Amino acid sequence: MESELHYITNYSLDLCLEYMKHDNIYDKFEYVWEEKEGYYLITFTEYKNSILSLATSPKPTFKVTFENMGNQTGISVQFITGFLQPVSFVYTKDIDTFWEKKLDAKKVK
């Protein structure tokens, strides 16, 4: 998995933050969303509507930062590694799908 993923959406920063507070039927994961000082943490706790499961795996946590770009919002997502979580147990394509469905975000290089 890439160390940092980048996305862009046409949603405003405020709308992105509001949508992240709420679960919706299109979400790829169940997750915990935490606001920190200047960034956010998202922990994927389980896949939704999938044969894949995180039940016995460490729950991957990502640092999320948003950048207000006027009529668009940039999203940076970085996997947080640690002693108990050296690798993410979710596929990059599933993370991409999550942001695409959640915030209509497109991956950028």
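Just so we're clear, the structure is a prediction, and the values are computed from it rather than from any experiment.
Atom CD in Glu100 sits 12.0 Å away from atom NZ in Lys93 (nearest 0.5 Å). Put simply, CD1 on Ile8 and CG on Leu103 are 12.5 Å apart, with the number rounded to the nearest 0.5 Å. With values rounded to the nearest 0.5 angstrom, Lys102 atom NZ is found 12.5 Å from Tyr26 atom OH. Between Glu30 atom CD and Thr45 atom OG1 the span is 5.0 Å, to the nearest 0.5 Å. One finds the NZ atom of Lys63 at 9.5 Å from the OG atom of Ser76 (value rounded to the nearest 0.5 Å). Note that CH2 of Trp99 and CG of Leu5 are 10.0 Å apart. Values are rounded to the nearest 0.5 Å.
Smallest separation of non-hydrogen atoms from Leu41 and Lys36: CD1-CE, 3.6 Å. Closest of all the heavy-atom pairs between Glu46 and Ala55 is OE2-N, 3.5 Å. Residues Pro60 and Val90 come closest through the heavy atom pair CG-CG1, 3.9 Å. Summarising the geometry of Thr73 relative to Ser12, their closest heavy-atom pair is OG1-C, 3.3 Å, with the distance given to 0.1 Å. For the residue pair Thr92 and Lys107, the shortest heavy atom distance occurs at CG2-NZ, 3.6 Å.
Hydrophobic clustering (side-chain heavy atoms under 4.5 Å, transitive across Ile, Leu, Val, Met, Phe, Trp, Tyr) groups Val77 together with Trp33. By the rule that hydrophobic residues join a cluster once side-chain heavy atoms approach within less than 4.5 Å of another member, Val64 and Val32 end up as members of separate clusters. In the hydrophobic cluster analysis, where Ile, Leu, Val, Met, Phe, Trp and Tyr join through side-chain heavy atoms closer than 4.5 angstrom, Ile42 is grouped together with Tyr19.
For the pair Lys101 and Asp27, the salt-bridge criterion is not met [side-chain N within less than 4.0 Å of a carboxylate O].
At a threshold of 4.5 Å between non-hydrogen side-chain atoms, the residues Thr9 and Ile75 count as touching. You'll find the side chain of Asn49 stays beyond 4.5 Å of the side chain of Lys28, heavy atoms only. Using a 4.5 Å cut-off on side-chain heavy atoms (C-beta onward), Ile95 and Phe79 make no contact. By the 4.5 Å heavy-atom criterion applied to side chains, Asn71 and Asn10 are not counted as neighbours.
The backbone N or O of Met20 sits less than 3.5 Å from a side-chain atom of Tyr31, completing a donor-acceptor pair. Using a distance-only test at 3.5 Å, with no hydrogens or angles considered, no donor-acceptor pair links the side chain of Thr43 to the main chain of Thr61.
With sequence neighbours left out, the ring pair (Phe, Tyr, Trp, His ring centres under 6.0 Å) criterion links Tyr47 to Phe29. Residues forming a side chain to side chain contact (heavy atoms under 4.5 Å, CB included) with Glu67 (at least two apart in sequence, or on another chain): Met69.
The environment of Lys106 atom NZ is dense: over 12 non-hydrogen atoms of other residues, nucleotides or ligands sit within 6.0 angstrom.
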Hey, mind stepping through Phe44 and Phe98 against ring-ring contact (aromatic ring centres under 6.0 Å, His included) and telling me if it holds? CA-CA 10 Å; Phe44 295 134; Phe98 173 81; 5.1 Å; yes
May I have the step-by-step check of side-chain hydrogen bond (donor to acceptor under 3.5 Å, both in side chains) for Tyr7 and Asp96, ending in yes or no? CA-CA 8 Å; Tyr7 306 90; Asp96 294 345; 2.5 Å; yes
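Ring centers of Tyr39 and Phe66: at least 6.0 Å apart, outside the cut-off.
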